[in-house]
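Values reported hereafter were calculated over all heavy atoms of this structure, with side chains retained and with hydrogens, waters and symmetry mates removed. Just so it is clear: chains get the letters A, B, ... in the order the sequence lines come, proteins before strands, and each one is counted from 1. Everything numeric here is computed off the predicted structure, so don't read it as measured data.
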2 protein chains.
Amino acid sequence: MYSACMSTPERLIEATRELLWERGYVGTSPKAVQQAAGVGQGSMYHHFAGKPDLALAAIRRTAEELGAAAEAALGGEGTAYARIEAYLLRERDVLRGCPVGRLTMDPEVIADPALRAPVDEVLGRLRARLAEVVQEGLDSGELSGPLDAAEVAATILATVQGGYVLARATGTRDPFDHAVRGLLTLLAPAAATA
Amino acid sequence: MYSACMSTPERLIEATRELLWERGYVGTSPKAVQQAAGVGQGSMYHHFAGKPDLALAAIRRTAEELGAAAEAALGGEGTAYARIEAYLLRERDVLRGCPVGRLTMDPEVIADPALRAPVDEVLGRLRARLAEVVQEGLDSGELSGPLDAAEVAATILATVQGGYVLARATGTRDPFDHAVRGLLTLLAPAAATA
DNA sequence: GTCTATATAGCGATAGAC
DNA sequence: GTCTATCGCTATATAGAC
């Protein structure tokens with residue numbers, strides 16, 4: 001339930017974002033969204049064409065937010081290693097999972113190019129951005145070894161996404177933290193030779 | 001649709017496994033299962049108490065299979081690194097995702113301790129088994145550095161699980177392969193010092 | 001064991017009054 | 001813009017005949 005300080009479309013989008021995160025696209029009904037937003041049936045269909053349309057608005061915003069949060073860490077101060085570390089250690093609601101990565105397990109999101117596009121786009125950009133930072137580290141000699149920047153970038157992002165999976169399986173965030181620390185120690189020896 | 005060479009419960013379980021993999025628990029209806037299995041309504045409820053009961057049987061079998069497939073690679077011949085490599089490179093239907101990891105994104109699976117248990121158990125065992133192999137490598141000096149076996153094990157499993165996420169986002173298996181190769185090169189320098 | 005019939009609820013959307 | 005009414009369909013069973 002969202003307070004009256006938000007417009008109706010705004011409340012619908014925010015309610016949808018929460019429900020998509022919690023239950024996915026398949027598990028989220030227009031009715032549940034309306035109730036969470038405190039909005040009537042007809043009101044929703046006045047502002048949005050239907051469930052896919054509303055979901056698209058929600059997914060776009062969530063993707064945008066994820067991109068901004070990642071950039072806050074990766075575009076910060078410090079060495080390449082420090083920025084990767086900042087990205088990996090940034091505050092996360094681990095047990096809720098990744099609001100974007102989660103959608104990749106949803107058959108109807110994957111089947112609909114419009115819904116998949118923001119997911120694909122933001123994860124692709126994040127991977128490219130991580131590759132830039134890794135390459136920076138390789139160029140400066142901070143990271144060494146026969147590393148391929150694009151590959152290591154994929155490993156970093158996969159570790160995060162997979163960490164969520166393992167954490168949700170156990171019901172504790174421990175496996176996520178282990179995976180991240182393991183990755184940091186694997187990256188560190190190269191960094192230490194700088 | 002499953003051929004007549006399988007018993008009715010067997011066909012129901014196999015059909016459920018497929019649908020859980022494809023659509024998750026929330027997205028899988030008893031009706032869809034019955035049609036896929038070529039079995040009538042009443043027949044399903046004769047053999048299983050309901051959707052959760054049938055799903056439990058399906059999840060248990062899928063978890064068991066995953067454990068066996070992983071052990072086939074990790075319990076094989078060769079060095080610790082070679083067995084980890086075999087595990088990472090084993091044949092996978094990458095774009096379908098992990099039939100077990102997928103379930104962790106399902107709110108109703110996570111909320112039901114009975115359904116979550118096989119998921120938690122098999123991923124926990126796999127993590128422990130990977131840690132054993134990593135520790136073996138550290139003990140023999142094949143792997144070196146200040147590595148924590150449990151942490152690296154979590155990183156390996158997370159990379160695989162996250163690789164599926166990235167692959168499904170793009171619609172190609174490339175990010176999965178990149179993530180795995182990146183991880184192998186991060187593990188390799190240590191292995192090379194053996 | 002398998003079948004059809006029936007039941008209650010919710011889904012996703014449309015219609016039309018206010 | 002928002003509301004209530006309604007629609008055709010599916011979800012998840014239960015009942016009871018065969």
Asks: Should B:Glu108 and A:Arg23 count as an ion pair when the cut-off is N to O under 4.0 Å?
Replies: yes
Asks: Using whole Å, report how far CD of B:Gln41 lies from P of C:dC3.
Replies: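 The answer, rounded to whole Å, is 11 Å.
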Asks: If you compare every side-chain N and O of A:His46 against the phosphate oxygens of D:dC3 (OP1, OP2), does one of them come in below 4.0 Å?
Replies: no
Asks: Given atom CE of A:Met44 and atom P of C:dG12, what is their separation to the nearest angstrom?
Replies: 9 Å
Asks: In whole Å, what is the span from the CD atom of A:Gln35 to the P atom of C:dG12?
Replies: 13 Å
Asks: If you take any heavy atom closer than 4.0 Å to DNA chain D, which residues from residues 48-58 of chain B end up in contact?
Replies: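 The answer is B:Lys51, B:Pro52.
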Asks: Compute whether any side-chain donor of one residue and acceptor of the other, for B:Tyr164 and B:Arg92, lie under 3.5 angstrom apart.
Replies: yes
Asks: Determine, for B:Glu14 against B:Arg11, whether the closest basic-nitrogen to carboxylate-oxygen distance falls under 4.0 angstrom.
Replies: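 Looking at B:Glu14 and B:Arg11, the cut-off is not met.
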Asks: Just the rounded figure in Å: distance from P of C:dT2 to CD of B:Gln34.
Replies: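 Computing the B:Gln34:CD to C:dT2:P distance gives 12 Å.
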Asks: Tell me whether the NZ or CZ atom of B:Lys51 lies within the 45° cone about the ring axis of B:Tyr45 and under 6.0 Å from its centre.
Replies: no
Asks: If I take atom CG in residue A:Leu12 and atom C1' in nucleotide D:dG1, what distance separates them, rounded to the nearest angstrom?
Replies: 12 Å
Asks: Do any side-chain nitrogens or oxygens of A:Thr8 fall under 4.0 Å of OP1 or OP2 in D:dT2?
Replies: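 Indeed, a polar side-chain atom of A:Thr8 lies that close.
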Asks: Output yes when A:Glu64 and A:Arg60 qualify as a salt bridge under the 4.0 Å nitrogen-oxygen rule, no when they do not.
Replies: no
Asks: Check whether any side-chain nitrogen or oxygen of B:Ser43 sits under 4.0 Å from OP1 or OP2 of C:dG1, and answer yes or no.
Replies: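 False: B:Ser43 side-chain N/O out of range (4.0 Å or more) of C:dG1 OP1/OP2.
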Asks: Roughly, in whole Å, what's the span from NZ in B:Lys31 to P in D:dC9?
Replies: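 B:Lys31 atom NZ is separated from D:dC9 atom P by 11 Å.
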Asks: Just to be sure I understand the rule, does B:Gly42 reach a base, reach only the sugar-phosphate, or reach nothing, if contact means heavy atoms closer than 4.0 Å?
Replies: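 The residue B:Gly42 makes base contact.
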